[in-house]
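For clarity, every value in this text was computed on a predicted model and none was experimentally measured.
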Amino acid sequence: CTMLCARLYQPKKIIAIDISQDRLDMVKAAKIADHVINPTRTDVGAKIEKLTKYGGADAVIEMAGGEDTFDMAWRIARPNAVVCIGAMYEENQILPLPQMYGKNLTFKTGGVDASRCGEIMKLIESGKIDGTCLITHRFNLEDAMTAYDIFENKKDGVIKVVLKMPQGH
């Protein structure tokens with residue numbers, strides 16, 4: 001969904017990085033991402049350098065919250081780039097300032113706060129955002145705990161889950 005929203009700003013290219021090849025194949029096929037990189041198969045830094053004009057990304061959005069994803073995010077950003085951190089980490093992240101020296105990065109942090117939810121819903125209603133290709137599972141509201149377990153534990157190839165409200169609500 002983050003990449004779909006980013007697409008509204010008409011970037012020259014969106015590069016998706018994920019360790020799930022299935023997810024990468026899906027975002028590439030759906031034209032959500034222009035390029036995909038699987039860090040288990042490719043040197044991310046070298047590939048980003050080849051795909052970008054100034055040796056790194058203009059903006060990086062880090063949503064994975066993995067063990068090394070914060071470090072990867074700032075490293076693949078070009079000097080004077082913006083790095084947005086929306087991920088939730090298990091451990092504190094460290095700013096290695098000596099290695100960052102000269103990059104002059106701007107960091108923006110925060111989780112999902114739903115402050116733009118109404119706007120996003122209008123964009124979905126108008127057809128400007130179509131995330132149906134991301135929905136892999138649908139559940140009735142009364143099955144929300146099962147849905148949450150599948151999503152939280154990344155079971156059954158889950159990407160996004162939709163909960164359906166009972167009729168009449």
Side-chain angles (χ1 to χ4, degrees), residues 1-53 56-77 81-90 108 110-114 116-141 143-165:
C1 195
T2 303
M3 288 185 284
L4 290 170
C5 290
R7 180 71 66 202
L8 295 173
Y9 293 92
Q10 300 175 334
K12 288 184 182 170
K13 64 182 85 165
I14 291 179
I15 304 166
I17 303 169
D18 201 312
I19 58 172
S20 167
Q21 194 60 47
D22 290 341
R23 285 176 179 256
L24 292 174
D25 293 343
M26 187 275 303
V27 297
K28 181 79 170 156
K31 296 184 179 8
I32 295 170
D34 302 298
H35 302 277
V36 296
I37 303 171
N38 185 328
T40 65
R41 299 178 180 182
T42 304
D43 179 327
V44 174
K47 186 72 171 180
I48 291 290
E49 200 166 310
K50 286 175 79 174
L51 291 171
T52 59
K53 191 172 182 178
D58 295 336
V60 177
I61 303 171
E62 205 295 88
M63 298 299 290
E67 190 174 307
D68 60 351
T69 55
F70 175 81
D71 189 63
M72 181 190 304
W74 75 261
R75 287 186 187 277
I76 64 173
V82 176
V83 180
C84 300
I85 307 294
M88 177 66 81
Y89 299 97
E90 296 287 327
K108 295 184 179 240
V112 178
D113 65 8
R116 307 295 282 262
C117 193
E119 183 181 341
I120 291 170
M121 294 305 284
K122 287 178 185 171
L123 290 167
I124 291 170
E125 281 179 331
S126 71
K128 290 182 180 173
I129 294 177
D130 180 6
T132 53
C133 63
L134 302 174
I135 301 168
T136 55
H137 294 72
R138 297 173 190 272
F139 291 91
N140 292 320
L141 185 59
D143 298 319
M145 293 309 293
T146 300
Y148 184 79
D149 175 62
I150 289 171
F151 185 77
E152 177 69 17
N153 295 299
K154 299 176 176 83
K155 295 178 179 175
D156 193 30
V158 69
I159 295 176
K160 295 292 180 195
V161 173
V162 170
L163 294 175
K164 295 181 270 182
M165 296 291 287

Pairwise distance [atom1]([X]) to [atom2]([Y]) - rounded to 0.5 angstrom:
| X | Y | atom1 | atom2 | result |
| --- | --- | --- | --- | --- |
| His137 | Ile150 | NE2 | CD1 | 5.0 Å |
| Phe151 | Asp156 | CZ | CG | 13.5 Å |
| Lys50 | His35 | NZ | NE2 | 11.5 Å |
| Glu62 | Thr2 | CD | OG1 | 10.5 Å |
| Met165 | Leu163 | CE | CG | 9.5 Å |

Phe139 atom CZ, over 12 foreign heavy atoms within 6.0 Å
yes

Given the rule in the side chain to side chain contact (heavy atoms under 4.5 Å, CB included) test, do Asp34 and Arg7 qualify, once you have shown the distances and angles that lead to the verdict?
CA-CA 10 Å; Asp34 302 298; Arg7 180 71 66 202; 3.4 Å; yes

When the side chains of residues 12-19 are checked against the rest of the protein, which donor-acceptor pairs come out under 3.5 Å, sequence neighbours left out?
{"residue": "Lys13", "atom": "NZ", "partner": "Leu51", "partner atom": "O", "Å": "2.4"}
{"residue": "Asp18", "atom": "OD1", "partner": "Ser20", "partner atom": "N", "Å": "2.8"}

Donor-acceptor check, side chain of [X] to backbone of [Y], threshold 3.5 angstrom: yes or no?
| X | Y | result |
| --- | --- | --- |
| Arg23 | Gly157 | no |
| Thr42 | Ile37 | no |
| Asn38 | Thr40 | yes |

May I ask you to decide whether Asp143 forms a salt bridge with Lys164, counting only side-chain N to carboxylate O separations under 4.0 Å?
no

Taking every non-hydrogen atom, the tightest pair across [X] and [Y]:
| X | Y | answer |
| --- | --- | --- |
| Val36 | Leu24 | CG1-O, 3.5 Å |
| Ile76 | Gly45 | CG2-CA, 4.4 Å |
| Met63 | Gly86 | SD-CA, 3.6 Å |

Just do the side chain to side chain contact (heavy atoms under 4.5 Å, CB included) check on Asp25 and Gln21 with the steps written out, would you?
CA-CA 6 Å; Asp25 293 343; Gln21 194 60 47; 2.9 Å; yes

Validation: residues 125-134 side-chain donor-acceptor distances under 3.5 Å, sequence neighbours left out:
{"residue": "Ser126", "atom": "OG", "partner": "Lys122", "partner atom": "O", "Å": "3.3"}
{"residue": "Ser126", "atom": "OG", "partner": "Leu123", "partner atom": "O", "Å": "3.1"}
{"residue": "Asp130", "atom": "OD1", "partner": "Thr132", "partner atom": "N", "Å": "3.1"}
{"residue": "Asp130", "atom": "OD1", "partner": "Thr132", "partner atom": "OG1", "Å": "2.8"}

Tell me, with the steps shown, if Tyr89 and Thr69 meet side chain to side chain contact (heavy atoms under 4.5 Å, CB included).
CA-CA 10 Å; Tyr89 299 97; Thr69 55; 3.9 Å; yes

